[in-house]
Amino acid sequence: MMQIKKYLLSLVFALFIGLSFLLHFLPGIRMGRNFLIFAKDMILILPPAFILIGLFDVWAKRETIEKHFGQSAGIMGFTWAILLAATTVGGTFVAFPVANSLYHKGARLSLVIAYITAASLLMIPMSIMEAAILGPKFTAIRIGVSLPLVVISSLFLEKVLIHQQYSLPLDSSKV
């Protein structure tokens, strides 16, 4: 039943966009054009990103991940997580598979959460554009306020999730 709903929603969206072009309904036309721009961007970004994720999964040794992202990593683990997140291209589309790989190779849960949060918050290209538009002072303040909150909230979430005995499944098809 859930699959039918997914296809039905896609069909309704496609019909709406098609009718918008036929009837010259500007909001629908804009939605259609924005969707095509987004789809093109995803087609260009995701295949190379997933190849890099696959290479990361194969090349990054469990011992290395445990050393830099494991239970004993301390504050340097947060530094590594934030630096890795800042250089991740593709936003959360790429961050979640990398985070899954980190977790299953022995990364501490709080560092995985910090990585995911920082990946959507501290992307270098986004920060450069933000600094150009809103000013470097604004960007520095936003990052300076955000980073401690990323660390504090990830430590808090780790405690809550460990208390609930949460763990990510190994096989994503079981989710």
Side-chain angles (χ1 to χ4, degrees), residues 2 5-6 38-39 41-175:
M2 185 62 118
K5 286 182 182 180
K6 287 181 187 177
F38 177 77
D41 289 346
M42 290 302 101
I43 288 169
L44 292 174
I45 291 172
L46 289 182
F50 284 138
I51 289 169
L52 291 174
I53 291 167
L55 291 173
F56 174 81
D57 196 35
V58 172
W59 287 345
K61 292 184 168 67
R62 182 176 184 84
E63 298 78 28
T64 305
I65 300 299
E66 287 175 349
K67 178 181 175 187
H68 296 292
F69 292 91
Q71 294 298 328
S72 62
I75 195 70
M76 275 308 292
F78 286 101
T79 304
W80 284 116
I82 290 166
L83 287 173
L84 179 62
T87 60
T88 299
V89 177
T92 53
F93 290 109
V94 175
F96 280 111
V98 170
N100 185 54
S101 180
L102 286 170
Y103 179 77
H104 289 299
K105 288 185 180 237
R108 183 177 168 183
L109 188 56
S110 62
L111 297 177
V112 172
I113 295 167
Y115 167 76
I116 291 170
T117 307
S120 61
L121 192 66
L122 299 172
M123 293 177 287
I124 290 172
M126 180 188 77
S127 297
I128 291 170
M129 186 171 35
E130 175 187 76
I133 295 169
L134 300 172
K137 184 177 178 182
F138 175 86
T139 303
I141 291 170
R142 183 187 64 81
I143 291 172
V145 169
S146 299
L147 287 180
L149 294 174
V150 166
V151 173
I152 292 167
S153 64
S154 63
L155 287 167
F156 174 75
L157 281 172
E158 178 185 57
K159 287 195 183 305
V160 169
L161 292 172
I162 287 173
H163 178 73
Q164 293 179 352
Q165 298 176 341
Y166 178 81
S167 68
L168 290 173
L170 284 173
D171 184 3
S172 62
S173 67
K174 294 180 181 176
V175 175

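For the single chain, residues carry numbers from 1 onward in sequence order. These values consider heavy atoms only, across backbone and side chains, with no hydrogens, waters or symmetry-generated copies.
Formation of a donor-acceptor pair under 3.5 Å by the Ser101 side chain with backbone atoms of Pro97 is not found in this model. The backbone N or O of Ile113 sits less than 3.5 Å from a side-chain atom of Thr117, completing a donor-acceptor pair. Without hydrogens or angle criteria, Lys105 side chain to Lys61 main chain gives no donor-acceptor distance under 3.5 Å.
To the nearest 0.5 Å, atoms CG (Leu161) and OG (Ser154) are separated by 11.0 Å. Atom CG of Asp57 and atom CG of Leu52 lie 12.5 Å apart (nearest 0.5 Å). Separation of atoms OG1 (Thr64) and CH2 (Trp59) is listed at 14.0 Å; rounding is to 0.5 Å. Separation of atoms CD1 (Ile65) and CH2 (Trp80) is listed at 11.0 Å; rounding is to 0.5 Å. Expressed to the nearest 0.5 Å, how far CG of Leu134 lies from CZ of Arg142 amounts to 9.5 Å. Of the inter-residue distances, the one linking Thr139 atom OG1 with Met126 atom CE reads 8.5 Å to the nearest 0.5 angstrom.
Contact record, Ala95 with Ala119: CB-CB, 3.5 Å, taken as the closest heavy-atom pair.
At a threshold of 4.5 Å between non-hydrogen side-chain atoms, the residues Leu111 and Leu102 do not count as touching. Between Phe50 and Leu55 the shortest side-chain heavy-atom distance does not fall below 4.5 Å. Put simply, the side chain of Leu147 reaches to within 4.5 Å of the side chain of Leu122, judged on heavy atoms. Tyr115 has its side chain out of reach of Val150: every pair of non-hydrogen atoms, C-beta onward, lies at least 4.5 Å apart.
Within the structure, every pair that satisfies the salt bridge (Lys or Arg N to Asp or Glu O under 4.0 Å) test and touches residues 144-164, not counting sequence neighbours, is listed here: Arg108-Glu158.
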Problem set entry | Working for salt bridge (charged side-chain N to carboxylate O under 4.0 Å, His left out), residues Glu66 and Arg62 | CA-CA 6 Å; Glu66 287 175 349; Arg62 182 176 184 84; 3.0 Å; yes
